[in-house]
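Have a look at the structure below before the remarks.
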Amino acid sequence: MIDSPPVMDRRQAADERAPANCTPAKCTPDSRAVAVRLAALSHPARIEILKHLSASRSCCCREVVEHLDLAQSTVSQHLKILVEAGLIRFEPDRQRSRYELDRAALADVSASLAALVDSCCSGR
């Protein structure tokens, strides 16, 4: 018998993906959130999913599968990661779940990254 992994909420998943040396004293919650979102952006398929979602109000998994020509299970896993990172929203819609880009969350990532780059490069 194969044991299934335990179910985790978004915060537990973020804690698990955070670097081991990022203890609460060294790593602010904002830094953790940014790290989780940047990690979610670290796969080319997820970038393509975000681009596809940005071109439409919302779409179902099948539409993303057709656009990317990836297996449905692969697309579902990528969508799950983006939902857990808070970059897209999931809405159950009868038989087909709908996914929508969270533009505000993506803008927050952009602003956080810009602030990081500015703070690191301000001493030049």
Side-chain angles (χ1 to χ4, degrees):
M1 181 169 129
I2 299 174
D3 291 333
S4 341
V7 177
M8 290 186 252
D9 68 19
R10 195 180 313 168
R11 192 174 64 221
Q12 288 171 315
D15 289 345
E16 202 168 89
R17 287 190 294 265
N21 63 351
C22 194
T23 62
K26 296 180 185 177
C27 200
T28 66
D30 182 55
S31 294
R32 284 177 174 266
V34 171
V36 167
R37 287 181 169 175
L38 290 174
L41 294 171
S42 69
H43 195 285
R46 293 193 286 269
I47 300 293
E48 290 302 318
I49 289 169
L50 291 176
K51 287 179 183 178
H52 182 68
L53 290 174
S54 72
S56 63
R57 175 139 169 77
S58 69
C59 64
C60 65
C61 182
R62 179 186 51 80
E63 293 166 327
V64 178
V65 168
E66 290 171 358
H67 176 73
L68 295 179
D69 195 32
L70 293 172
Q72 186 273 331
S73 60
T74 302
V75 171
S76 290
Q77 186 62 33
H78 286 305
L79 288 167
K80 178 183 175 203
I81 290 167
L82 291 167
V83 168
E84 288 175 348
L87 295 171
I88 64 175
R89 289 186 291 269
F90 166 80
E91 290 288 329
D93 183 22
R94 290 182 232 134
Q95 293 181 0
R96 291 196 179 130
S97 299
R98 307 292 297 175
Y99 295 90
E100 180 181 350
L101 182 67
D102 188 332
R103 296 176 191 282
L106 209 50
D108 288 346
V109 171
S110 178
S112 295
L113 187 55
L116 174 64
V117 169
D118 286 348
S119 71
C120 292
C121 298
S122 63
R124 288 185 175 187

For residues 105-117, which side-chain N or O atoms pair as donor and acceptor with protein atoms under 3.5 Å away, sequence neighbours left out?
residue, atom, partner, partner atom, Å
Ser112, OG, Asp108, O, 3.0

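Of the inter-residue distances, the one linking Leu68 atom CG with Ile49 atom CD1 reads 5.5 Å to the nearest 0.5 angstrom. Rounded to the nearest 0.5 Å, atoms CG (Leu41) and CD1 (Ile81) are 11.0 Å apart. Atom SG of residue Cys59 and atom CG of residue Leu101 lie 10.0 Å apart, to the nearest 0.5 angstrom. Annotation: the span from Ile88 atom CD1 to Asp102 atom CG amounts to 9.5 Å, rounded to 0.5 Å.
For the salt bridge (charged side-chain N to carboxylate O under 4.0 Å, His left out) test, no residue two or more places apart in sequence or in another chain qualifies with Arg103. Residues satisfying the side-chain hydrogen bond (donor to acceptor under 3.5 Å, both in side chains) test with Ser76, not counting sequence neighbours, are Gln72. Under the salt bridge (charged side-chain N to carboxylate O under 4.0 Å, His left out) criterion, Arg94 pairs with no residue, sequence neighbours left out. By the side-chain hydrogen bond (donor to acceptor under 3.5 Å, both in side chains) test, Ser58 is found to be paired with Arg98, residues two or more places apart in sequence or in another chain being considered. Residues forming a salt bridge (charged side-chain N to carboxylate O under 4.0 Å, His left out) with Arg62 (at least two apart in sequence, or on another chain): Glu66. When the side-chain hydrogen bond (donor to acceptor under 3.5 Å, both in side chains) test is applied to Glu48, the partners found at least two apart in sequence or on another chain are Lys51.
Taking all atoms of both residues into account, the shortest heavy-atom contact from Ala45 to Leu70 is CB-CD1, 4.0 Å. The two residues Cys61 and Val75 have their closest heavy-atom pair at SG-CG1, 3.8 Å.
Counting only residues at least two apart or in different chains, salt bridge (Lys or Arg N to Asp or Glu O under 4.0 Å) contacts with residues 68-79 are absent. Residue pairs meeting the ring pair (Phe, Tyr, Trp, His ring centres under 6.0 Å) criterion with at least one partner in residues 67-88, sequence neighbours excluded, are His43-His78, His52-His67. Every pair passing ring pair (Phe, Tyr, Trp, His ring centres under 6.0 Å) that includes a residue from residues 85-105 is listed here, sequence neighbours excluded: Phe90-Tyr99.
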